[in-house]
*Asks:* 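Right, I'll just put the structure down here and ask away after.
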Amino acid sequence: MPEASDTLNQRIWQVVSAIPVGTVASYGDVAKRAGLPGYARYVGRVLRNLPPSSTLPWHRVIKADGRLAFMSGSDSERRQIACLTKEGVLVRRGRVDMKRYAWHQ
DNA sequence: TGGCTGACCAAGT
DNA sequence: AACTTGGCCAGCC
């Protein structure tokens, strides 16, 4: 059972900030690594609530099957694709090749 | 209290 | 690869 949400958020932020440049991790992976297996949706909510000024590499977090979580064609999706591409992660048809770019713990 | 909603996941077809 | 289904969990009415 979760403690104070501030503490949980900090754990999640810490995990996300540890994702190496040029790699990606799924929401479920981040949750598990933060000690919260099964809390993938919670991770998504935490990232959604991130302030615009945040420097956290939220763009390195995608769905488990390699697809981006945003609606196709949205501004958010375009921003994420731009960030990933700049880091060398190839995004094609809103999808990333997990075999190649997954963050292996 | 209870139903609805997601920046989700895994297995099946 | 595209879809569907059932499960999941906290926030917001």
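In what follows, chains carry the letters A, B, and so on, assigned in the order in which the sequence lines appear, proteins first and then strands, with residues in each chain numbered from 1.
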*Asks:* Does dC8(C) have a Watson-Crick or wobble partner in any strand here, with both distances under 3.5 angstrom, and which is it?
*Replies:*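 Because no pair has both required distances under 3.5 Å, dC8(C) counts as unpaired.
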
*Asks:* Could you check how far CZ of R33(A) sits from C1' of dC8(B), rounded to whole Å?
*Replies:*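 For the pair R33(A) CZ and dC8(B) C1', the rounded distance is 19 Å.
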
*Asks:* Treating E77(A) as the side-chain partner and G73(A) as the backbone partner, does any N or O pair qualify as donor plus acceptor under 3.5 Å?
*Replies:* yes

*Asks:* Among dC8(B), dC9(C), dA7(B), which is the nearest nucleotide to the side chain of Y39(A)?
*Replies:* dC9(C)

*Asks:* Just call it for R95(A): base, sugar-phosphate, or nothing, with non-hydrogen atoms closer than 4.0 Å on any strand.
*Replies:* sugar-phosphate

*Asks:* Starting at atom CD1 of I12(A), determine the distance to atom P of dC8(B), rounded to an integer number of angstrom.
*Replies:*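 So the two atoms are 14 Å apart, to the nearest Å.
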
*Asks:* Roughly, in whole Å, what's the span from CZ in R45(A) to C1' in dA7(B)?
*Replies:*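 That distance rounds to 11 Å.
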
*Asks:* Considering every strand and a 4.0 Å limit on heavy-atom distances, what is the contact class for S26(A): base, sugar-phosphate, or nothing?
*Replies:* sugar-phosphate

*Asks:* Hydrophobic clustering (ILVMFWY, side-chain heavy atoms < 4.5 Å, transitive) - are L36(A) and V16(A) grouped together?
*Replies:* yes

*Asks:* Can you find a donor-acceptor pair, distance only, under 3.5 Å between R41(A) side chain and dC8(B) base?
*Replies:*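 Indeed there is one.
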
*Asks:* Output the rounded distance in Å from CG (D65(A)) to P (dA7(B)).
*Replies:*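 Computing the D65(A):CG to dA7(B):P distance gives 16 Å.
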
*Asks:* Is the backbone of I81(A) close enough, under 3.5 Å, to the side chain of T85(A) for a donor and an acceptor to pair up by distance?
*Replies:*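 Indeed, once roles are kept as given, a pair shorter than 3.5 Å links the two residues.
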
*Asks:* dT1(B) pairs with which nucleotide, Watson-Crick or G-U wobble, both distances below 3.5 Å?
*Replies:* none

*Asks:* In whole angstrom, what separates M98(A)'s CE from dC9(B)'s P?
*Replies:*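 Checked: the CE to P distance equals 9 Å.
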
*Asks:* Using a heavy-atom cut-off of 4.0 Å across all strands, would you classify Y42(A) as base, sugar-phosphate, or nothing?
*Replies:* sugar-phosphate

*Asks:* Give the rounded distance in Å between these two atoms: CG of D29(A) and P of dC9(B).
*Replies:*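 Going from CG in D29(A) over to P in dC9(B) covers 8 Å.
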
*Asks:* Quick one: R48(A) CZ to dA10(C) C1', roughly how many Å, whole number?
*Replies:* 10 Å

*Asks:* Starting at CG of D97(A) and ending at P of dA1(C), how long is that distance when rounded to a whole Å?
*Replies:*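 Between P of dA1(C) and CG of D97(A): 9 Å.
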
*Asks:* Would you say the side-chain atoms of Q80(A) pair up with the backbone N or O of H59(A), donor to acceptor, closer than 3.5 Å?
*Replies:* yes

*Asks:* Determine the Euclidean distance between corresponding P atoms of dG6(C) and dA7(B); express it in Å to zero decimal places.
*Replies:*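 These two P atoms come out 23 Å apart once rounded.
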
*Asks:* Look at the side chain of R33(A) and the backbone N and O of V15(A), then say whether any donor-acceptor pair between them is shorter than 3.5 Å.
*Replies:*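 Here the side-chain-to-backbone pair does not exist.
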
